[in-house]
Each structure stands twice: as C-alpha cells, then as structure tokens.
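Here is the structure we will look at.
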Amino acid sequence: LVSAYRYEGSKVKDDTAKSEAKTLSNAIKNVHKKPIVEDDEVIRILATRSKAHLQQVHKHYKEISGKNLEEDLNDLRFKETVECLCTPQVYFSKVLDASLKIDVDKNIKKSLTRVIVTRADIDMKEIKGEYNNLYGVSLQQKIEETAKGNYKDFLLTLIARGG
C-alpha cells in the first residue's frame with residue numbers, strides 16, 4: 001500500500017467512489033468466503049486511490065452500511081490502514097494517546113516524536129482538535145503532563161507551530 005503509485009490530486013469521481021464503497025461493503029459481507037486482505041479489488045482501491053477519493057469512499061460506505069468502514073473490519077492491521085488513509089486525524093490522535101501513556105515501551109514512545117514531527121506542518125491543527133474531541137483533554141496539556149525538559153519544549157513548540 002505504501003509503495004503503490006497513488007494519484008494525489010483533489011479531483012474525485014463521486015460515481016466511482018460510490019461504486020467502490022459498494023465493492024468494499026460486499027467484500028466485508030463475504031469475508032467468511034475470502035479474507036479481505038486477499039481481495040484484489042479491495043487492495044487495488046486502497047493502494048491506488050487518493051486520500052480525497054478514499055475519504056469519499058469512506059463517506060459513501062457509511063451511507064450504505066450505517067457504520068464507518070473501520071468499524072466493520074476485523075483485521076487490526078487493515079483497520080488501522082483504512083483509518084490512517086480515510087480519517088488520519090483520528091488515527092494519529094490514537095497513536096499519540098498510546099505513546100503518551102506512562103508505562104509504554106520505547107518503540108511506542110518513538111511514535112510520539114514521529115507523528116508530531118511529520119504532521120506539524122500538515123494537519124496538526126486537525127489532529128489537536130480530534131485529540132481533544134476523543135480524550136477530553138488538549139494534546140498540549142497531555143504532553144505537559146507526561147514529557148519532561150527540552151523534549152517537552154520541543155514537542156510543544158512543534159504542535160504550536162502546526163496551528
């Protein structure tokens with residue numbers, strides 16, 4: 001999914017997005033016959049469509065099924081992939097929250113730096129809003145409670161710069 005060519009323009013064909021939402025819905029309904037990770041059409045959709053297109057697919061899927069796409073997925077890796085592609089602010093908020101817990105291992109802690117550094121100039125404002133919405137506390141406040149010293153100052157500077 002990461003290495004595939006992906007159109008990143010803003011144009012989205014709504015009819016195609018609706019059709020692909022139906023394709024995903026059918027693949028999920030028939031997961032007992034064929035695992036979704038082995039469905040070539042599902043992989044093609046997720047690997048080649050722009051984020052704007054996938055967000056439309058996500059919207060149409062909810063209209064069709066009454067649920068968000070990631071709610072219907074059982075495979076955790078696939079669920080996280082879809083969430084990252086379709087609702088990145090939710091995904092990154094969850095990653096940040098997991099990394100800001102007191103007793104997490106070093107690999108999870110590294111994701112705090114990775115997310116804040118890579119998203120600071122892209123969509124940090126939206127991530128901060130979603131974090132507050134999901135957890136009832138500001139990201140800034142959570143960082144102030146858990147990080148220390150220069151590292152805390154570094155993180156706070158980056159999230160402030162991001163809007």
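Along the sequence shown, the residues carry numbers beginning at 1.
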Separation between OG1 (T113) and CG (L158), nearest 0.5 Å, reads 9.5 Å

**Message:** I'd like to know if the side chain of K128 and the backbone of I159 have a donor-acceptor N/O pair within less than 3.5 Å.
**Reply:** yes

In short, G9 meets A52 closest at the heavy-atom pair O-CB, 4.4 Å

Here the gap from D40 atom CG to R44 atom CZ, rounded to the nearest 0.5 Å, amounts to 10.0 Å

- Ion pair present between K29 and D72, side-chain N to carboxylate O less than 4.0 angstrom? no

Heavy atoms of Q89 and D123 approach each other most closely as NE2-OD2, 3.6 Å

Residue pairs meeting ring-ring contact (aromatic ring centres under 6.0 Å, His included), one or both in residues 105-135, sequence neighbours left out, come to Y131-Y135

Residues at least two apart in sequence or cross-chain that pass side chain to side chain contact (heavy atoms under 4.5 Å, CB included) with N107, listed by chain then number, are D105, K110

| R49 versus V57: any side-chain heavy-atom pair under 4.5 Å? | no

Within-4.5 Å side-chain heavy-atom neighbours: N30 and H32 | yes

What one should report as the nearest heavy-atom pair of R114 and V95 is NH2-CG1, 4.5 Å

Self-check item: N/O donor-acceptor pair under 3.5 Å between T23 side chain and S19 backbone
Solution: yes

Note: E83-K94 ion pair, threshold 4.0 Å (strictly below): yes

If hydrophobic clusters are built from ILVMFWY residues whose side chains come within less than 4.5 Å, do I45 and V37 share one? yes

- Query: Any Lys/Arg nitrogen of D75 or R77 sitting under 4.0 Å from an Asp/Glu carboxylate oxygen of the other?
  - Reply: yes

Hydrophobic cluster membership, with links at side-chain heavy-atom distances under 4.5 Å among I/L/V/M/F/W/Y: are V117 and I108 in one? no

Give a yes-or-no answer on whether the side chains of Q56 and H53 include a donor-acceptor pair shorter than 3.5 Å. no

Interatomic distance, CD1@I143 vs CG@D153, rounded to 0.5 Å, equals 11.0 Å

Item to check | Minimum side-chain heavy-atom gap I36-F78 below 4.5 Å | outcome: yes

What one should report as the nearest heavy-atom pair of S99 and K109 is O-NZ, 3.2 Å

V42 vs I28 side-chain heavy atoms within contact, under 4.5 Å: no

Side chains of K18 and I64: closer than 4.5 Å at any heavy-atom pair? no

- Query: Is there a side-chain contact between F154 and N150 (heavy atoms, below 4.5 Å)?
  - Reply: no

The reported gap from CD in E126 to OG1 in T87 (rounded to nearest 0.5 angstrom) is 13.0 Å

Are V31 and L73 side-chain neighbours, meaning at least one heavy-atom pair lies under 4.5 Å?
-> no

TODO: Indicate whether the side chain of E20 and that of H60 have a donor and an acceptor atom separated by less than 3.5 Å.
DONE: no

For I122, the hydrophobic cluster (side chain heavy atoms closer than 4.5 Å, chained through members) also holds none

Just wondering, do N68 and E70 contact through their side chains at under 4.5 Å, heavy atoms? yes

Side chain of S93, backbone of I127: donor and acceptor closer than 3.5 Å?
yes

Heavy-atom neighbours of K13 NZ exceed 12 at 6.0 Å: no

Evaluate the criterion side-chain contact (heavy atoms from CB on, under 4.5 Å) for residue pair L24 and L69; output intermediate values, then yes/no. CA-CA 8 Å; L24 291 173; L69 177 56; 3.8 Å; yes

query: Are V137 and V115 connected in a single hydrophobic cluster, I mean Ile/Leu/Val/Met/Phe/Trp/Tyr linked by side-chain heavy atoms less than 4.5 Å apart?
result: yes

All heavy atoms of Q55 vs all of P88, minimum pair found to be NE2-CD, 3.9 Å

d(E130 CD, F92 CZ) to nearest 0.5 Å is 13.0 Å

Same apolar cluster (I L V M F W Y, side chains within < 4.5 Å links), Y61/V12 | no

In this structure, CG of L112 is separated from CG of L96 (nearest 0.5 Å) by 6.0 Å

On a heavy-atom basis, the closest approach of L46 and L85 is O-CD1, 3.9 Å

- Message: With a 6.0 Å cut-off (strictly less than), is the heavy-atom count around NZ of K59, excluding the residue itself, greater than 12?
- Response: yes

